[in-house]
Enquirer: 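Sharing a structure here in structure tokens format.
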Protein chains: 2
Amino acid sequence: MAARDYGQYCGVTRALELVGERWALLIVRDLLVGPRRYGELAAGLPRIPSNILAARLKELQGAGLIRRVPRSRVIIYELTPYGRELEPIVLALGAWGFKAMGDPRAEQIITPDSMTMALRTAFRPDVAASLPATAYGARFGPAELLVRVDGSTLDVRRGDGPVDLAFAAGPEIRRLISGELSPDRAIATGVVEVLRGHGRLLDRFANTFHLAA
Amino acid sequence: MAARDYGQYCGVTRALELVGERWALLIVRDLLVGPRRYGELAAGLPRIPSNILAARLKELQGAGLIRRVPRSRVIIYELTPYGRELEPIVLALGAWGFKAMGDPRAEQIITPDSMTMALRTAFRPDVAASLPATAYGARFGPAELLVRVDGSTLDVRRGDGPVDLAFAAGPEIRRLISGELSPDRAIATGVVEVLRGHGRLLDRFANTFHLAA
DNA sequence: CGGGATCCCTTAGGATACTG
DNA sequence: CAGTATCCTAAGGGATCCCG
């Protein structure tokens, strides 16, 4: 239960003792999107063995990063304030790792929560502030996200709703975010399929969400 | 050799595949201080098995984070630009982990490189800019650091030199950095032992280096 | 002596099945 | 649905040895 320690009195080692174990930071990533039930976490991390998920949840709880809250017959896990302080770090790791993402391999999936965090990472509030409020419906495989940008604020949630532009895309969306692929070509090559609204709005999307590659 | 993957197409998972393995980020931490030889890395990470150190160095090299440079009969390891981009992340992890550091346990050590990174984490350039240039000689157990603050720049290196204030301290120095312990009381209780110069300068030190607990 | 490689053993982690 | 229990593999730990 006590995580393996590094034997050093150092902030970095302490941090790694708390969230350095395999899967731990991915659980945090998903909980940053919102409180989740055990089954939801398992669904968002399809390759995690259930015993490991259970063990990590206990460790994170013991470390004061998450709370286990019974809510009307079901149990939900949510981040404590201390756990939520990891948000900038997780986002920074996402931006850093983004640069090393090659092309997607067949077995690699995109989950709603990971995509939500990716959008948060790529969001450019200053750019968004100068654009009209826009709602996007983004479908990535089975994940349907409602992305609302209003001024410099971003709200991403699951499900759909009234949107200005609805589109479907595969993992190749990465090349749109990185600027390797223009919105025009993304549509022309079928990387992005416009479902509703005018394709021109994909320009706005690409301007609002951008990450260096 | 290929790190175990998470099966997700996501920046965070990619980052963890590159630096999420045990010890990896600590190697990066030490290399952020400067290029190091194999033996120096091993000395700074006393509990790492040598086969693991060798394996991590190969993985980090394969991932393009570090370079293996032969230099006049010896081999040194240094970060690539991509590896150096981890600096803000490592510092942020250090600051976050700092809050969860309890009191030091007997077997926990302080290494020169970890202390250097801790000072970088705690450094407040804006505060320093309004103070006179100052050189500190800080001894933490066996580690002797020369800490030079000039305007908003910080330079930490090993060894000593001409300083305005020289002091020795144990791991309890943490409580000075966090503000739990005033400089006066740090000296009075023996947490900090002034070796040279005027103890008043410890005020300046505590103002220059501060981390929330 | 620096820079590893090898051996053996322990334990975390993965796959799967099972239970309150 | 929310986890345990079990079994097995592979990564990590510790010591020692090797090679240029």
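Please read these numbers as outputs of a predicted model, since none were measured by experiment. A note on names: the letters A, B, ... follow the listed sequences, proteins ahead of strands, and every chain is numbered from 1.
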Enquirer: Kindly indicate whether a cation-pi arrangement holds for R47(A) with Y6(B), taking the cut-offs as under 6.0 Å to the six-membered ring centre and within 45° of the axis.
Expert: no

Enquirer: Is the closest basic N to carboxylate O distance between R175(B) and E172(B) below 4.0 Å?
Expert: yes

Enquirer: Quick one: do R204(A) and D164(A) make a salt bridge, cutoff under 4.0 Å?
Expert: no

Enquirer: Look at Y77(A) and dG3(D) and indicate whether a side-chain polar atom (N or O) is within less than 4.0 Å of OP1 or OP2.
Expert: yes

Enquirer: If you look only at distance, which donor and acceptor atoms sit under 3.5 Å apart when one is on a side chain in residues 143-154 of chain A and the other is two or more places apart or in another chain?
Expert:
| from | atom 1 | to | atom 2 | distance (Å) |
| --- | --- | --- | --- | --- |
| R148(A) | NH2 | D155(A) | OD2 | 3.4 |
| T153(A) | OG1 | D150(A) | O | 2.9 |

Enquirer: Hey, which of these two, R22(A) or I75(B), hits DNA chain C nearer its 5' end, going by closest nucleotide?
Expert: I75(B)

Enquirer: Could you give the distance from CG (L79(B)) to CG (L65(B)), rounded to the nearest 0.5 Å?
Expert: 8.0 Å

Enquirer: Rounding to an integer number of Å, can you tell me how far Y6(A) OH sits from dG14(D) C1'?
Expert: 17 Å

Enquirer: Whether R56(B) contacts dG12(D) is assessed here as follows: a side-chain N or O lying under 4.0 Å from the phosphate OP1 or OP2. Is that the case?
Expert: yes

Enquirer: Report the nucleotide, chosen from dG13(C), dA2(D), dG3(C), that has the shortest atom-to-atom distance to any side-chain atom of R4(A).
Expert: dG13(C)

Enquirer: Write down the distance between CG (D5(A)) and P (dG12(D)), rounded to a whole number of angstrom.
Expert: 16 Å

Enquirer: Salt bridge or not for E59(B) and R56(B), using N-O below 4.0 Å?
Expert: yes

Enquirer: Where along residues 38-54 of chain A does a heavy atom come under 4.0 Å from DNA chain D, residue by residue in number order?
Expert: Y38(A), G39(A), S50(A), N51(A), A54(A)

Enquirer: Does a nitrogen or oxygen in the side chain of W23(B) sit under 4.0 Å from OP1 or OP2 of dA11(D)?
Expert: no

Enquirer: Round to a whole Å and report the spacing from CG of L26(B) to C1' of dG13(D).
Expert: 16 Å

Enquirer: Reckon K58(A) has a side-chain N or O less than 4.0 Å from the OP1 or OP2 of dT4(D)?
Expert: yes

Enquirer: Figure out the CD/P separation between E21(A) and dG12(D), and round it to whole Å.
Expert: 10 Å

Enquirer: Is it true that a side-chain atom of T116(B) and a backbone atom of V156(B) form a donor plus acceptor pair closer than 3.5 Å?
Expert: no

Enquirer: About how many Å separate CG of L53(B) and CG of L57(B), when rounded to the nearest 0.5 Å?
Expert: 4.5 Å

Enquirer: Distance from Q61(B) atom CD to Y77(B) atom OH, nearest 0.5 Å?
Expert: 7.0 Å

Enquirer: The helix from dC1(C)-dG20(D) to dT19(C)-dA2(D): angle between its terminal axes, five pairs each, to 10°?
Expert: 30°

Enquirer: How many whole angstroms separate atom CD of E107(A) from atom P of dG14(C)?
Expert: 15 Å

Enquirer: Between atom CG in L57(B) and atom P in dG2(C), what is the gap in whole Å?
Expert: 16 Å

